[in-house]
Structure formats: C-alpha cells, structure tokens
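Note sheet for the following structure.
Throughout, a chain's letter reflects where its sequence line sits, starting with A, and its residues are numbered from 1.
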Amino acid sequence: MKTKVTLPDGSVRSYDGAVTAMDVAKSISEGLARNVLSARVNGEVRDANRTLPEDCTLSLLTWNDTDGKATMWHSSAHVMAEALEALYPGAKFGIGPAIENGFYYDVDLGDRSIGEADFAAIESKFKELVAKKLTFDRKEVSKADAIAYFTEKGDEYKLELIEGLQDGQITFYEQGNFTDLCRGPHIPDTSGIKAMKVLSVAGAYWRGDEKRKQLTRLYAITFPKQKELDEYLLMLEEAKKRDHRKVGKELDLFTFSERVGAGLPLWLPKGAALRERLINFMKTAQEKAGYVQVATPHIGSKTLYETSGHWEKYGKDSFQPINTPQEGELFMLKPMNCPHHCEIFASRPRSYKDLPLRLAEFGTVYRYEQSGELHGLARVRGFTQDDAHLFCRPDQVKEEFLKVIDLVLLVLKALDFKNFEAQISLRDKVDRSKYIGSEENWVKAEQAIIDAAAECGMKTVVEYGEAAFYGPKLDFMVKDALGRKWQLGTIQVDYNLPERFELEYVGSDNAKHRPVMIHRAPFGSLERFIAVIIEHTGGRFPLWLTPEQAIILPVSDKYLDACAHIAGMLKDSDIRASVDERNEKVGRKIRDAELAKTPYMLVIGEKEAADGTVSVREHGQGDLGSMSPTAFADLVKARIAEQLNGRVAEKEHKTN
RNA sequence: GCCUUUGUAGCUCAGGGGUAGAGCACUUCCUUGGUAAGGAAGAGGUCCCGGGUUCAAUUCCCGGCAAAGGCUCCA
C-alpha cells in the first residue's frame, strides 16, 4: 500500500504504507514537525497523528495558521479543564471552545466560585500539567458507553450534549487524568504551550439560554512563546489606553452622572462642539443631496406606536408610557423617529413628482437597555441619530441607495476609515413566510441593493436570512486602527411602515400608490460614532473635527499681547485656537499641549513678536520652523480641505 | 436582568476596626523662563448610599446604587 500526499504547493509525495501528517512533516524537516499543531486533510482539520487516507491533499497547520492556533487553544481548554477538575473536584463541564483570541471553558462549580484571586492557582496548575508533555488520545466510543461514562461522572451537561449526537460519531479525547467528549482535533502534545494566562471570569448561561443554569465561564489564552503572551498583554493595554471612556474623560468631551442616570451621557462643551461639527458636516452633505430638515418632539402618543407596530413588538422592553395628570393620555418617549416622519409624509397629498421626499432629522431617541448592557457612549439609553427617511417610488430605490452609499463613503473618508466592508442582508433563501411586502418589490429592492453596492465597487458580503421582516438592508462594518470591528451606518428598505400608516402618493396614472420607505443613518448614532472615532484615532481627531486646532504658547508673559493678536487673526480665519496664558515655561506648555493632543502649537517669543511670525510645532512631529500667521492659516485650511476630500489620510500614512 | 470584580480628594491610586494618605490638577507667592514636567506654601474628603455587628465601622456582614469584564437581549 502506498499513501499519496499532495501538499499546498502542488508537490506530490509518496509514502510506503500508512503514514500520519506528523510523519509527512518529519520527512520534510524536524523543525516543521516540532511546529505542527494539526493538519488540514482533504479540507478537514484533523489531528496530526491520525493516519492519512491513501490519496489526500494535506496542509500542515502551525501557529501561523488560524486553524492551527484554534487547535492549540482548544487543547489548552482541555488542559485548563483538567486543572479545574484537580482544583475543584466534582466540577461539571459545559463546553470549552477556542475563540478569536484564546479559549474559554464553561464550568459548573456547584456552590463554589472563582474570582481573580484564584487565577494564579489555576495558571500554575495548568503549567504543571503542560510540563508533563501530555498527549491527547482519540477514542471512538459508542453512544451507550459515552452515556455510561458521564452518568458515572454525574455530568449532566455532557450527557445533554451526547443526546444530540449520533451513535458512531462520538469521540472522546483523553489527556492525563482528564477525558472529555470532543470532536477534536488536538495538538500532538502539550510541549508547544509555553505561556498561559487566565484573562477573565464571567457568568454564561448554559446553551445561551437565560432560563437555564448560569455556569462560570473562564477565559484564557496560551502562546508558544512567553514573548508573544507579553506582546498580547501589551496590545490589550494599548486598547485600554484608547478606550473612549478614558480618552473622553481626558479630553473633557463627555461625562456621566449617577444623579442624571445610567446610560444618559452629558456632553461637555468640547464634546458638544465636536458633535455640532459632525452634525454640520452631515447637514451640509445632506442639503447637497436633496434632503430637507424636519423637527419632531421627543415624545409621541402611544397610539402612534400602536399604528407603527412598535408597541406590540417592543412595548414591554421599552421605557413605559408616561401619562398626563388630568386626561390620563399615554405618551411614549420616542424610541425612533420614523413614525413621526411618516406622519409628516401623510400631512398632505403627495404627487409622484414630489418623490423622492427625503426627511432628515438629528432626532434624539430613548431606548431601554438592560443595565448590564450599558457601555460608555457605545451603548446608551438616550442618543441622537443622524436619521432620515426617504419616501420614494419602487423604481427609485437603486438610485437612492447609490446616493446614500455616496454619503456614507464621504463620512468614512472624512474620518479616515480605510478598512470597511458592506454587508447586504437579504431574505432567507427558503423560508419566506415571515417577510412582509410583495414578492415583486422584494426582488426589485434586493437586486437594487446588490447592483448599487457593485456599482460603488465596495468590498461586499451577502448574508441570506439576515434581512429584517420589513425589508432588506445594507450595513457598513468598519475596522478601527486596532483591527476591531464596528457596525456603523445602515440603510434599510421598509415596506411595513408605509403599509401601516397607509401612506400614498398619486402616480402619473392618477391612481394611488404606496411609496417605499428607506431608513438610513450614516453615523448610526452620534454617541456610538464618536465612541468609535475616539478609539480609532486614540483621541487624535482629524484636524477639521478636533476641539482645538492650535494653541498659542507665549515664551513669557511679555508676549501675551502679541499672542492675543495672533489668536484674533486665527479666529478671523475660522481656526480654533487659544492662548496658554499660564505662568509656566514653554517646555511645560508644550508637554501639556502634546498630551492634550492639540495638532499645532505656536510658540511666540521675542523674535516672533518682533517680526510678526509664529514658530509652528506639530503634534507628534516637532518643530516645523517659523512662518507668517497667514501662511499657517493656509496650511491648516489646506490640510482640512484634503481631509474632507479623503486624500490626506494615505499621504500621512506614508510619512509615518 | 444574571455572574465575577470594583467604588477612598477634580483625576490616577495607596491604606486600613480607633473619624485618612501620595502624585497630578487647583489657589497664592517667588520665578520671566525658547520646543515634552522651574520652586515654595496652601486649600481640598459624608472613604458611593442605607441598614447590621461592635465600646468604636471608611475598613467586617447584609441590602441598594453606579462602574468594569462577560452572558442574554437589541427598533
């Protein structure tokens, strides 16, 4: 018998008799064999020490492969479980998968609990086990034997998992003193695990069901080198430094108050001004794109939300209605702007010539979020959407999508997001019972979205079954500077509300027609959007957006008058600048301005005061030399113009 | 809402059964200094809130509230 193996580079190797992936690795090089964690055989990831089929394609997976990492983390989860079983006898185990960064294991400790203080003990037990160079032995077992094993052990979670499996497809993996129900694959042995850290502990419902028991979920990560763990921990520190809650406080942008209430942000002057700039940016762009601005109140009659259907669907999970003292009328804090906008559409007869009608409002809405769900500005209970509703004819959907996409791209460019993709959410391919609206309209709209996205040449993924019941949608996902994913802008087609509000327009045929409604919010919400740009930029906002564009630093208070004069000139050029009048040395003023992330510092001393120049220093760059105030103003304006056209970003990146 | 952790000066944090500390920020004074921290003095606290144990609680216990990390949910 011969085994024929095709490697990723296309080369074919032939072996006598049965071989494993590990054998193949050894035949290539000892070094490779040491690094092999698992293998992809005919597309399936398997243990490296399993016998290969006679004819197969093989990729040897190491730490450099996502699947290789996942194998090591999954094996690490088993070892951590063994450690937990040793430290907490009688613990029962749920599931322990590898995740994007590391792994976790869900465990039922009975009435015991694990806190951060216990991490060290778990880590040292883990290291002790790993040092034994444990191997993972795969065993195929019958369903009856599997049930017998875990009945004996008294682990009802594993028994429940086994129940869902087919006899003949059940495998156990055994390492050291620990045997687990597991599909595999696993690493050859634990000698490659050189560093381990328990990261956090949290509660997690068994099978994600809040009605079932809450298990203790222990998150951890392992690495093949201590240095890599150190780097990972350093990266986590970096992310912490960019945390919008921390940066927001440092830059005096916003705050929260217990007395005002959780999840209700208070915008400080600098933050409020930054918000205003974003709003004005969007307003200007929307005006150019043919939107009209409307304004509606913060509450609306409960009847309005009964009409829209929101009351029935979300009423229980909303802030409860407020009532009037005399008449007992019920009002809702508005959770969304669309019902109000529908009423504006319905306020008078509409002709097809009026369409598309684009109603825009920076509308503040209030949504109840569970207390545990609140998170800085990213998840709040009161927030302002850059909302608009487009009422159009079915044949205008694509054109409107194109225009909205343009708007979103403008935003992404102005904020220096280069890494993004569009997700198109369509109907379930099979089950169409839950969707409202005619087949014809859906087909048309889905095609319109796909075409519009294609025409813009965006990186796009299509998800079937992700559409809302009322229409298909397109969401923008961006990656920030640390590679974390965020969902920002959204564009959604809605067939439901026009129906419920019985919206109509008169067509060219003089008959009544139902308009299509499109919800869209390029920022999503200002709160969330600002949170994302803070974390993306680390607080070093684009020049056009930043709170203070320049700070003027007198070398001594003899030059305060000269500084005031420069400040006035800059103000006339619409540049945001102030004078640091403190009785400190320039070195100190520069340091503070650098820490405050002020883009430009203008030093004024004897020389500048005499010849009317400014000595310019750029944040993070250092001294740029001196120039006239006008030249500086021009420089700032040119920078801003470039940023708003989206070109400066790439340039800056190259010089960095 | 649930699990784990946390709550001490404006900020970052130390401390601990006998009514409290540091650095930065702040105020005043000295200093007038040229590209990342000049010096000195001073002021500032309901130790998150409520209850309990104790001769005595900021510290220990219980209950709230808020925050952090998760889970669940999300128009």
Of the nucleotides [options], which has the atom closest to the [X] side chain?
{"X": "A:Asp557", "options": "B:U32, B:G33, B:A75", "value": "B:U32"}
{"X": "A:Asn583", "options": "B:U32, B:A75, B:A37", "value": "B:U32"}
{"X": "A:Ala262", "options": "B:U35, B:A66, B:A75", "value": "B:A66"}
{"X": "A:Glu594", "options": "B:G38, B:U35, B:A36", "value": "B:A36"}

Please give the nucleotide sitting opposite [N] as a Watson-Crick or G-U wobble pair, both distances under 3.5 Å, or none.
{"N": "B:A43", "result": "none"}
{"N": "B:U19", "result": "none"}
{"N": "B:U59", "result": "none"}
{"N": "B:C73", "result": "none"}
{"N": "B:A36", "result": "none"}
{"N": "B:A14", "result": "none"}

Taking [M] as the reference, what is the distance to [N] when you measure between their [atom1] atoms (whole Å, please)?
{"N": "B:C24", "M": "B:A37", "atom1": "P", "result": "14 Å"}
{"N": "B:A57", "M": "B:G52", "atom1": "C1'", "result": "11 Å"}
{"N": "B:C71", "M": "B:C13", "atom1": "C1'", "result": "31 Å"}
{"N": "B:C11", "M": "B:C60", "atom1": "P", "result": "23 Å"}
{"N": "B:C48", "M": "B:G7", "atom1": "C1'", "result": "6 Å"}
{"N": "B:A9", "M": "B:G15", "atom1": "P", "result": "15 Å"}
{"N": "B:U12", "M": "B:G34", "atom1": "P", "result": "35 Å"}
{"N": "B:C65", "M": "B:C26", "atom1": "P", "result": "37 Å"}

How many Å lie between [atom1] on [X] and [atom2] on [N], as a whole number?
{"X": "A:Leu218", "N": "B:U5", "atom1": "CG", "atom2": "C1'", "result": "14 Å"}
{"X": "A:Asp580", "N": "B:A36", "atom1": "CG", "atom2": "C1'", "result": "13 Å"}
{"X": "A:Glu369", "N": "B:C2", "atom1": "CD", "atom2": "P", "result": "17 Å"}
{"X": "A:Tyr600", "N": "B:U35", "atom1": "OH", "atom2": "P", "result": "21 Å"}
{"X": "A:Ile122", "N": "B:U4", "atom1": "CD1", "atom2": "C1'", "result": "12 Å"}
{"X": "A:Phe256", "N": "B:A66", "atom1": "CZ", "atom2": "C1'", "result": "12 Å"}
{"X": "A:Arg212", "N": "B:C73", "atom1": "CZ", "atom2": "P", "result": "14 Å"}

Which protein N or O atoms sit under 3.5 Å from an N or O of nucleotides 24-28 of chain B?
from  : atom 1 : to       : atom 2 : distance (Å)
B:A25 : OP1    : A:Arg588 : NH2    : 2.0

Using a strict 4.0 Å threshold on nitrogen-to-oxygen distance, state whether [X] and [Y] make a salt bridge.
{"X": "A:Asp243", "Y": "A:Lys241", "answer": "no"}
{"X": "A:Glu606", "Y": "A:Lys558", "answer": "no"}
{"X": "A:Arg379", "Y": "A:Glu527", "answer": "no"}
{"X": "A:Arg617", "Y": "A:Asp623", "answer": "no"}
{"X": "A:Arg367", "Y": "A:Asp317", "answer": "no"}
{"X": "A:Asp428", "Y": "A:Arg432", "answer": "no"}
{"X": "A:Arg427", "Y": "A:Glu463", "answer": "no"}

Side chains of A:Ile530 and A:His244 in contact at under 4.5 Å (non-hydrogen atoms):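 A side-chain contact is absent here, since even the closest heavy-atom pair is not under 4.5 Å.
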
Between A:Phe319 and A:Arg381, is there a side-chain heavy-atom distance shorter than 4.5 Å?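 Result yes, sub-4.5 Å side-chain heavy-atom pair found.
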
Touch class at under 4.0 angstrom, heavy-atom based, for [X] against every strand present:
{"X": "A:Glu250", "result": "nothing"}
{"X": "A:Gly605", "result": "base"}
{"X": "A:Val586", "result": "sugar-phosphate"}
{"X": "A:Ser615", "result": "base"}

A:Glu361/A:Lys334 under salt bridge (charged side-chain N to carboxylate O under 4.0 Å, His left out): CA gap, chis, key distance, verdict: CA-CA 13 Å; A:Glu361 175 177 10; A:Lys334 83 175 167 188; 3.6 Å; yes

Using atom names, set out every protein N or O paired with an N or O of nucleotides 6-14 of chain B below 3.5 Å, distance rounded to 0.1 Å.
from  : atom 1 : to       : atom 2 : distance (Å)
B:U12 : OP1    : A:Lys249 : NZ     : 3.4

So, for A:Met332 and A:Pro321, which heavy atoms are closest and what is the spacing to 0.1 Å?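 Scanning both residues, the minimum pair turns out to be SD-CG, 3.6 Å.
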
Residues in contact with RNA chain B, drawn from residues 303-319 of chain A - heavy-atom cutoff 4.0 Å: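 Hits under 4.0 Å, by residue number: A:Tyr314, A:Asp317, A:Ser318.
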
Report yes if a donor N or O on one partner sits less than 3.5 Å from an acceptor N or O on the other, where the partners are the side chain of A:Glu608 and the base of B:G34; otherwise report no.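 Donor-acceptor pair under 3.5 Å: yes.
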
Sequence neighbours left out, what passes salt bridge (charged side-chain N to carboxylate O under 4.0 Å, His left out) with A:Lys158? Give chain and number order.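 By the salt bridge (charged side-chain N to carboxylate O under 4.0 Å, His left out) rule, A:Lys158 matches A:Asp180.
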
Who pairs with A:Lys589 by salt bridge (charged side-chain N to carboxylate O under 4.0 Å, His left out), at least two apart in sequence or on another chain?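 If we apply the salt bridge (charged side-chain N to carboxylate O under 4.0 Å, His left out) test to A:Lys589, skipping adjacent residues, there are no hits.
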
Is it the case that the ring center of A:Phe391 lies less than 6.0 angstrom away from the ring center of A:Phe345?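 For A:Phe345 and A:Phe391, the ring centres are under 6.0 Å apart.
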
Could you tell me whether the phosphate oxygens of B:G1, OP1 or OP2, come under 4.0 Å of any side-chain nitrogen or oxygen in A:Ser371?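 Yes, such a contact exists.
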
Decide side-chain hydrogen bond (donor to acceptor under 3.5 Å, both in side chains) for A:Trp206 and A:Glu160; before the verdict, give the C-alpha distance in whole Å, the side-chain angles of both, and the deciding distance to 0.1 Å. CA-CA 11 Å; A:Trp206 172 235; A:Glu160 188 179 325; 3.0 Å; yes

Can you tell me how the ring of A:His389 sits relative to the ring of A:His519, calling it parallel under 30°, perpendicular over 60° and tilted otherwise?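 Rings of A:His389 and A:His519: perpendicular, as their planes differ by over 60°.
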
What verdict does the side-chain contact (heavy atoms from CB on, under 4.5 Å) test give for A:Asp230 and A:Phe223, after you've listed the backbone C-alpha separation in whole Å, the side-chain angles of each residue and the deciding distance to 0.1 Å? CA-CA 10 Å; A:Asp230 296 342; A:Phe223 290 94; over 6 Å; no

Restricting both atoms to N or O, compile the protein contacts to nucleotides 69-71 of chain B shorter than 3.5 Å, with distance only.
from  : atom 1 : to       : atom 2 : distance (Å)
B:G69 : OP1    : A:Arg245 : NH2    : 2.8
B:G69 : OP2    : A:Arg245 : NH1    : 3.2
B:G69 : OP2    : A:His375 : ND1    : 3.1
B:G69 : N2     : A:Val201 : O      : 3.3
B:G70 : O3'    : A:Tyr219 : OH     : 3.0
B:G70 : O2'    : A:Tyr219 : OH     : 3.2
B:G70 : N2     : A:Gly203 : O      : 3.4
B:G70 : N2     : A:Gln214 : NE2    : 3.4
B:C71 : O4'    : A:Gly203 : O      : 3.2
B:C71 : O2'    : A:Tyr205 : N      : 3.2
B:C71 : N4     : A:Glu373 : OE1    : 3.1

